[in-house]
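Order of the sequence lines fixes the chain letters, A, B, ..., with proteins taken first and strands second; residue numbering starts at 1 for each chain.
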Amino acid sequence: MDSIEIHDTMSGTPIKLHNKNIKIYLCGVTTYDDTHIGHARTIIVFDVLRRYLEDMGRHTTMVQNFTDIDDKIIQRAEAEGVDALELSFSYIERYHQDFDRLNVKRADMYPQATTHIQDIIDIISKLIELKHAYVAKSGVYYMVESFSEYGILSKKNIKELRSGTRIDPKEDKHDTVDFALWKRTDSKPHWESPWGAGRPGWHIECSAMSLKHLGETFDIHGGGRDLIFPHHENEIAQTEACTKLPLARVWMHVGMVTISGQKMSKSLGNIKTTRNILDEWGPNTLRLFCLSGHYQKPIDYTEELLVESLDLWRRTESCYYTLEQTASRHDKVVCDEFDQALSSNLNTHKAIIVLGNITKEVGEMASKGRLNPDTASVLYGKLARIIEIFGLKISRPLDARQIQNYTVQRDSLRQNGEYKQADIIRNELNAKNIELLDYKNGTVWVCHEHIQKR
RNA sequence: GGUGAGGUGGCAGAACGGUUAUGCGUGGGCCUGCAAAGCCUAUACAAGAGGGUUCGACUCCCUUCCUCACCUCCA
């Protein structure tokens, strides 16, 4: 399988990705708080996309930004009496802790707005020069009217947007739909610019950083659905006004995580943090949860869905160890159904069913004593590859040989009818998250991930 | 109001113009020294409502009702 197509928000159609090197810009987070599972979902989806592309032999370049200066960060810092940039820094650290635990591959680069101030100033200057932006008292604004394609991504028209907007008296922009590129201010933090001290507006950092690190046109620009407007629309206006070229070949947007049908958001106070879920359910369950639905659709957060994901993970662990201990070869094998699912718009929902089917198939054969080393080898190869692409991680025991010895020892005790002794060994292993599966043809040991829930 | 996505069996949630999605749940059974895990089997014959196209629609078209998201910060 060497082709993959992804649904493009701009055209509303699937688009094939042809390039050998796929350049991806993912809009990351604003660093004023811990991430929640909505963020995690988007990032996990892109992680799987990347892993899959790389498995196909493509090269990927992934750039994911941190918006580390913004009004919210400043507000939060003031409330806590700390420095805004230090606050950002600490949340970036926490971000990495969480997503390393989630086994998300690090992006090739994590550019930050505050380390690209000169690039931001440069692109604003160019926009002013090209008459797409103007300088006002309170700062520099983008002139939306000047960009004829404005609204092309979000399918909005300027007139309607105008009727809906409120005028902030602090802003002296010419048109209510115009948005800030540079906000003039003397309060900290601020940077010097040709238009006085201030800080960048939201949106412009992504234009500056994607242009700098990925070039004028790259393959995929992505993020959560809620970024379509205004964030991505404004990025298009900014970048394309400068380059006259399409910013991205494909716009890929991930659906929201909802709670009882409503979007998870700060204002509603229905947040589940990544860290919290990770502590309770572990990385693998959370990943399967995030991949359980099609990425374009919302996923409703429920404990039941997490339990289902956990059950699947438990079956996957058992299946993996069963195959590993039966197989004669341990190399990766392509699974067509799985690839078909992922290559058509990254249908992880379908791909997860393939995973479920493998566990079922193995369970069936093992329970009937029909699993032979050859079959096991093929299935092992498929499973191992799926686990890799999904970014799951099988837990490993400290001393596999010792467990193997105990298992053999217990077997002989059982054969001699010394069940009490045998059960002591089993209980000891169970206490260490080692489960013994007594199949017809023998016993397989499984090392389970320690998970707080259940 | 505009734009986009939806409304499927007890619940969650797919694909597809004509064949069992799948998972959970529920009933019964099997395997086992006992467990655990697993297996077998049964169970839903479902498509918001109303029209139309078709030999045939859950799937296409029209109408209508409802839900969600975005239109202000948001992954």
Consider the side chain of [X], meaning its heavy atoms from C-beta on, and name the nucleotide among [options] that approaches it most closely.
{"X": "A/D438", "options": "B/rC31, B/rA75, B/rA36", "value": "B/rA36"}
{"X": "A/E435", "options": "B/rA37, B/rC70, B/rC71", "value": "B/rA37"}
{"X": "A/S367", "options": "B/rA75, B/rA37, B/rG38", "value": "B/rG38"}
{"X": "A/R315", "options": "B/rA75, B/rC70, B/rG38", "value": "B/rG38"}
{"X": "A/K263", "options": "B/rC70, B/rA75, B/rC73", "value": "B/rC70"}

Between the protein and nucleotides 12-14 of chain B, list the N/O to N/O atom pairs that are separated by less than 3.5 angstrom.
from: B/rG13; atom 1: O2'; to: A/H349; atom 2: NE2; distance (Å): 3.3

Send over the distance from [X] [atom1] to [N] [atom2], rounded to a whole Å.
{"X": "A/D226", "N": "B/rC73", "atom1": "CG", "atom2": "C1'", "answer": "10 Å"}
{"X": "A/D70", "N": "B/rU72", "atom1": "CG", "atom2": "C1'", "answer": "14 Å"}
{"X": "A/M365", "N": "B/rC40", "atom1": "CE", "atom2": "P", "answer": "12 Å"}
{"X": "A/L437", "N": "B/rC31", "atom1": "CG", "atom2": "C1'", "answer": "13 Å"}
{"X": "A/R414", "N": "B/rA35", "atom1": "CZ", "atom2": "C1'", "answer": "10 Å"}
{"X": "A/L312", "N": "B/rG25", "atom1": "CG", "atom2": "P", "answer": "13 Å"}
{"X": "A/I358", "N": "B/rC39", "atom1": "CD1", "atom2": "P", "answer": "14 Å"}
{"X": "A/K360", "N": "B/rC24", "atom1": "NZ", "atom2": "C1'", "answer": "12 Å"}

What's [X] touching, base or sugar-phosphate or nothing? Going by heavy atoms closer than 4.0 Å.
{"X": "A/G356", "answer": "nothing"}
{"X": "A/L436", "answer": "base"}
{"X": "A/V257", "answer": "base"}
{"X": "A/H253", "answer": "nothing"}
{"X": "A/K72", "answer": "base"}
{"X": "A/F229", "answer": "sugar-phosphate"}
{"X": "A/K155", "answer": "sugar-phosphate"}
{"X": "A/T42", "answer": "base"}
{"X": "A/G255", "answer": "base"}

Judged by each residue's nearest nucleotide on RNA chain B, which is more toward the 5′ side, A/E361 or A/N157?
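First, find each residue's nearest nucleotide; the 5'-ward one identifies A/N157.
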
If each of A/I228 and A/S154 is mapped to the nucleotide of RNA chain B with the nearest heavy atom, which maps nearer the 5' terminus, i.e. the 5' end?
A/S154

Salt-bridge contact [X]-[Y] (side-chain N to carboxylate O under 4.0 Å):
{"X": "A/D47", "Y": "A/R51", "answer": "yes"}
{"X": "A/R162", "Y": "A/E145", "answer": "yes"}
{"X": "A/R396", "Y": "A/E317", "answer": "no"}
{"X": "A/D339", "Y": "A/R385", "answer": "yes"}
{"X": "A/D423", "Y": "A/K420", "answer": "no"}
{"X": "A/E337", "Y": "A/K350", "answer": "no"}
{"X": "A/D70", "Y": "A/K183", "answer": "no"}
{"X": "A/K156", "Y": "A/E160", "answer": "no"}
{"X": "A/E80", "Y": "A/R76", "answer": "yes"}

What distance, rounded to whole Å, do you find between the two [atom1] atoms, one in [N] and one in [M]?
{"N": "B/rC62", "M": "B/rU72", "atom1": "C1'", "result": "36 Å"}
{"N": "B/rC24", "M": "B/rA14", "atom1": "C1'", "result": "15 Å"}
{"N": "B/rG13", "M": "B/rU22", "atom1": "C1'", "result": "8 Å"}
{"N": "B/rG10", "M": "B/rG2", "atom1": "C1'", "result": "38 Å"}
{"N": "B/rG51", "M": "B/rU59", "atom1": "P", "result": "14 Å"}
{"N": "B/rC70", "M": "B/rG23", "atom1": "P", "result": "34 Å"}
{"N": "B/rC58", "M": "B/rU20", "atom1": "P", "result": "15 Å"}
{"N": "B/rA42", "M": "B/rA49", "atom1": "P", "result": "29 Å"}

Quick one: the side chain of [X] and the base of [N], do they pair up donor-acceptor inside 3.5 Å?
{"X": "A/R426", "N": "B/rA35", "value": "yes"}
{"X": "A/D423", "N": "B/rG33", "value": "yes"}
{"X": "A/R162", "N": "B/rC71", "value": "no"}
{"X": "A/K368", "N": "B/rC39", "value": "no"}

Taking only distance into account, with no hydrogens and no angle test, what donor-acceptor pairs under 3.5 Å do side-chain atoms of residues 406-413 of chain A form with protein atoms, sequence neighbours excluded?
from: A/T407; atom 1: OG1; to: A/I403; atom 2: O; distance (Å): 2.7
from: A/R410; atom 1: NH1; to: A/D438; atom 2: OD1; distance (Å): 3.3
from: A/R410; atom 1: NH2; to: A/D438; atom 2: OD2; distance (Å): 2.8
from: A/D411; atom 1: OD1; to: A/R414; atom 2: NH1; distance (Å): 3.1
from: A/S412; atom 1: OG; to: A/Q409; atom 2: O; distance (Å): 2.9

Close aromatic pair by centroid cut-off 6.0 Å: A/H294 and A/H349:
no

Just need the stems in RNA chain B: three or more back-to-back Watson-Crick or G-U pairs, each with both distances under 3.5 angstrom, sorted by first number.
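Ordered by first number, the stems with RNA chain B (at least 3 consecutive pairs each) read B:1-7 with B:65-71, B:10-12 with B:22-24, B:25-30 with B:38-43, B:48-52 with B:60-64.
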
Lys NZ or Arg CZ of A/K173 over A/F179 ring: under 6.0 Å, within 45°
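No, A/K173 does not sit over the ring of A/F179.
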
Say whether, by atom type as modelled, one donor and one acceptor occur between the side chain of A/N345 and the main chain of A/H7 under 3.5 angstrom.
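Flag set: sc A/N345 to bb A/H7 pair under 3.5 Å.
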
